[in-house]
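Structure, as structure tokens:
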Amino acid sequence: MNRRELPGILAREWDILIVGGGITGAGILLEAARRGLTALLVEQRDFAWGTSSRSSKLVHGGLRYLKQGQFGLTRESVHERQALLTDAAGLVEPQGFAFGDYTGRKPGRRQFMLGLAIYDVMAGRRARRYVDAADFAMLAPHIRRDDLQGGMLYQDAKTDDARLVLRVLQEARRHGGVAVNYLGVASLLREEERVVGAVLNDGVGGEKWTVRARLVISATGAWADALRGQVGKEPKLRPLRGSHLLLPAWRLPLAQAVSLMHPHDGRPVFAYPWEGVTLVGTTDVDHGASLELEPAITRGELDYLLAALRWQFPQLALVEGDVLATFAGVRPVIGSGQLDPSKEAREHALWLENGLLTVAGGKLTTFRVIALDALRRAAPLLPGWQADLRPLPIFDAVPPLLGKALALDAEQRERLLGRHGAAAQALCDAAHDGELAPIPGTQTLWAQLRWGARMEDVQHLDDLLLRRTRLGLQLAGGGLAIMPRLRAICQRELGWDDARWEEEQQRYLALWRRHYSVPQGE
């Protein structure tokens, strides 16, 4: 969106003002726009800046929720996982999982296979199987062999979470929705105690704007209690931090995802191939730091994850020097007083308070379900609006790529269509010579950098390297080695002079060192 259009856009009256540019807000914008509502989404930082770019990247059915008796959430998640695999091919991909069966370690074979059987029934297909120790060791090389009896195999899915948000926003815009990043809520606008809009602060130009809407929906995740506090409500959320490691694929080579229970506390930990690297996660601890600061892994969490890797892959002797990058996200979990953070429920909830509809909790996988529930709750507050709220395909079909794109292989074309939808053809057409080649060590094309800089609302360099692409997580030093070519491709597209580029590069590298590298000291 051209920010010069902002005054005219914000002068309109809207049916719905959505606050929050993560997957929940993006999903609501899409479902509202395609059903005829005028809908505006604002995000105080970048799209997907919060939890939605810092998740475990798994589109999973919630196997572990079965143990907690959350059958409804698991059934819902399995259904949505299948819909995403069908509708978002190239962006959401199947991922096989392997879980070692070790003598004396829980859960045992019988309990785990029973859970997988329920999982398969909910999915309507059989994906589970048990293999003996020799076959399991072939499928998951380098694993601990001591006391290995065999292993369980099952299927889930993975994605690039930030690109999923951007693709949903792109679809929403095609249906008339409007989304603006770096536009935050300074205060809620109220009449007779009822919320009727918001005063917005432009983080780029510095202006303040007043926007009116028939309904304001807060989809701000772990930050939701701040807006609820403006209407006098007590906090309900328990921010929990999940931290992750990324290692070079050659250092921790995996064809299957390997799932295990941590040797210290029995919590689930996993490692799996993602975007050309190996992703390891996750912790689940109370996040006591300010939500205004970017979250980061702690030394204790780093040691915890490395301990799990050393137990499961003793032959590899992994150390912190093997870690390419780290990231941490804060989950919007509804607090219930559980002593163990991992036992808190992950279902979503809706709270209508003084005209402010808050959407809290939930999972990446079920964003469509959450969005439709929010619109059902909103319907009585929008007189004159009626719509069929049964699920529609998540994305509209897009035509195959032609022209320059035919030089790409079938997998590359599917990836582009999955990540960029109807814009994939224009992305390829805009590529300069050599830019349809992948950046070494990744599956990202140089052309995706040009397109992101030109067309995807980039305001800072970290938007481009941590969310439009994931190069800051995939390349050593946050991508320092590719900075000269990155600058040659993107500086003119962004309209930055030399001073602005140098400032942004220094800002990005400092941010990466503080929040995405291995923590220094204790």
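Below, each value reflects all heavy atoms present in this structure, side chains not excepted, and no hydrogens, waters or symmetry copies. Quantities reported herein were computed from a predicted structural model and do not represent experimental measurements.
Side chain of Gln95 to backbone of Asp156: no donor-acceptor contact under 3.5 angstrom is found. Judged purely by atom type and a 3.5 angstrom limit, Arg163 has no side-chain atom pairing as donor or acceptor with the backbone of Leu91. A donor-acceptor contact shorter than 3.5 Å links the side chain of Thr38 to the backbone of Asp15. Not a single donor-acceptor pair under 3.5 Å links the side chain of Glu456 to the backbone N or O of Val458. The backbone N or O of Gly418 lies less than 3.5 Å from a partner atom in the side chain of Arg167, making a donor-acceptor pair. With hydrogens and angles ignored, the 3.5 Å screen pairs a side-chain donor or acceptor of Ser53 with a backbone N or O of Ala48. One N or O on the side chain of Glu435 and one on the backbone of His432 form a donor-acceptor pair closer than 3.5 Å. A donor-acceptor contact shorter than 3.5 Å is absent between the side chain of Asn201 and the backbone of Gly184. Formation of a donor-acceptor pair under 3.5 Å by the Glu31 side chain with backbone atoms of Arg368 is not found in this model. Using a distance-only test at 3.5 Å, with no hydrogens or angles considered, no donor-acceptor pair links the side chain of Arg241 to the main chain of Thr283.
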### CA sep, side-chain torsions, deciding dist, call: Val19, Ile217, side-chain contact (heavy atoms from CB on, under 4.5 Å)
CA-CA 6 Å; Val19 184; Ile217 299 179; over 6 Å; no

### Message
If you apply the rule side-chain contact (heavy atoms from CB on, under 4.5 Å), what do you find for Thr210 with Leu189, and how did you get there?
### Response
CA-CA 8 Å; Thr210 298; Leu189 191 64; 3.6 Å; yes

### Task
Kindly indicate, with the supporting measurements, whether the criterion salt bridge (charged side-chain N to carboxylate O under 4.0 Å, His left out) is fulfilled by Asp457 and Arg173.
CA-CA 13 Å; Asp457 303 298; Arg173 285 167 161 169; 3.0 Å; yes

### Task
Please report the C-alpha distance between Leu183 and Gln44 in whole Å, then the side-chain angles of each, then the deciding distance to 0.1 Å, and finally whether the side-chain contact (heavy atoms from CB on, under 4.5 Å) criterion is met.
CA-CA 5 Å; Leu183 188 61; Gln44 68 173 343; over 6 Å; no

### Task
Output, in order, the C-alpha distance, side-chain angles, deciding distance and verdict of side-chain contact (heavy atoms from CB on, under 4.5 Å) for Leu200 and Val185.
CA-CA 5 Å; Leu200 306 178; Val185 172; 3.8 Å; yes

### Task
Check the pair Glu275, Arg415 against salt bridge (charged side-chain N to carboxylate O under 4.0 Å, His left out), reporting the backbone distance first and the verdict last.
CA-CA 11 Å; Glu275 296 294 305; Arg415 280 177 55 84; 3.2 Å; yes

### Task
Could you check Lys208 against Asp202 for salt bridge (charged side-chain N to carboxylate O under 4.0 Å, His left out), going step by step and ending with a plain yes or no?
CA-CA 6 Å; Lys208 276 191 163 44; Asp202 184 356; over 6 Å; no

### CA sep, side-chain torsions, deciding dist, call: Arg54, Glu294, salt bridge (charged side-chain N to carboxylate O under 4.0 Å, His left out)
CA-CA 11 Å; Arg54 306 164 193 267; Glu294 191 140 356; 2.9 Å; yes

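Exactly one of Lys363, Gln155, Lys158 qualifies for a side-chain contact (heavy atoms from CB on, under 4.5 Å) with His60. That residue is Lys363. Of the candidates Tyr182, Trp49, Trp496, Tyr508, His460 forms a ring pair (Phe, Tyr, Trp, His ring centres under 6.0 Å) with just one, namely Tyr182. Of the residues listed (Leu58, Leu364, Thr365, Leu85), the one engaging Thr159 in a side-chain contact (heavy atoms from CB on, under 4.5 Å) is Leu364, and it is the only one. For the side-chain contact (heavy atoms from CB on, under 4.5 Å) test with Arg190, the passing option among Val196, Val195, Leu356, Val216 is Val195; the others fail.
Atoms CZ and CG, from Arg419 and Leu166 in turn, are 11.5 Å apart once rounded to the nearest 0.5 Å. To the nearest 0.5 angstrom, Thr24 atom OG1 is 12.5 Å from Leu29 atom CG. Here Thr74 contributes atom OG1 and Glu76 contributes atom CD; the two are 9.5 Å apart, rounded to the nearest 0.5 Å. One finds the CH2 atom of Trp451 at 13.5 Å from the SG atom of Cys490 (value rounded to the nearest 0.5 Å). To the nearest 0.5 Å, atom CZ of residue Arg35 and atom NE2 of residue His175 are 9.5 Å apart. Once rounded to the nearest 0.5 Å, the distance linking OG1 of Thr444 with CG of Leu449 reads 7.5 Å.
At a threshold of 4.5 Å between non-hydrogen side-chain atoms, the residues Val359 and Thr220 do not count as touching. Taking 4.5 Å as the limit, some side-chain heavy atom of Leu37 sits within range of a side-chain heavy atom of Leu382. Here the side chains of Leu416 and Leu427 are in contact, with some heavy-atom distance below 4.5 Å. Within the 4.5 Å cutoff, no side-chain heavy atoms of Val199 are placed close to those of Trp209. In this structure, the side chains of Asp46 and Gln459 stay at 4.5 Å or more apart for every pair of heavy atoms. By the 4.5 Å heavy-atom criterion applied to side chains, Asp463 and Phe47 are not counted as neighbours. Side-chain contact between Ser218 and Leu357 is absent, with no heavy atoms from C-beta onward closer than 4.5 Å. By the 4.5 Å heavy-atom criterion applied to side chains, Lys233 and Asn354 are counted as neighbours.
A pairwise comparison of heavy atoms in Leu84 and Val92 identifies O-CB, 3.8 Å as the closest pair. Taking all atoms of both residues into account, the shortest heavy-atom contact from Val398 to Ala422 is CG1-N, 3.5 Å. For the residue pair Ala26 and Val168, the shortest heavy atom distance occurs at O-CG1, 3.3 Å.
For the pair Asp462 and Arg467, the salt-bridge criterion is met [side-chain N within less than 4.0 Å of a carboxylate O]. In summary, Arg228 and Asp225 engage in a salt bridge, as defined by a charged side-chain N under 4.0 Å from a carboxylate O. By the 4.0 Å N-to-carboxylate-O rule, Arg194 lies too far from Glu191 to be salt-bridged with it.
Residues His420 and Gln170 bring no donor and acceptor atom of their side chains to less than 3.5 Å of each other. Of the N and O atoms on the side chains of Ser55 and Asp161, at least one donor lies less than 3.5 Å from an acceptor on the other residue. If you check the side chains of Gln491 and Arg487, you find a donor sitting under 3.5 Å from an acceptor.
Annotation: cation-pi pair Arg212/Trp14 absent, no NZ/CZ under 6.0 Å from the ring centroid and within 45° of its normal. With Trp351 as the aromatic partner, Lys236 meets the cation-pi criteria of under 6.0 angstrom to the ring centre and within 45 degrees of the ring axis.
Counting non-hydrogen atoms of neighbouring residues, nucleotides and ligands closer than 6.0 angstrom, the CZ atom of Arg492 reaches no more than 12 such neighbours. The environment of NE2 in His79 is sparse: at most 12 heavy-atom neighbours from other residues, nucleotides or ligands sit within 6.0 Å.
Arg390 meets the side-chain hydrogen bond (donor to acceptor under 3.5 Å, both in side chains) test with Asp388; sequence neighbours excluded. Partners of Leu279 under the side chain to side chain contact (heavy atoms under 4.5 Å, CB included) rule, at least two apart in sequence or in another chain, are Lys57, His244, Leu246, Phe270, Tyr272, Trp274, Phe327.
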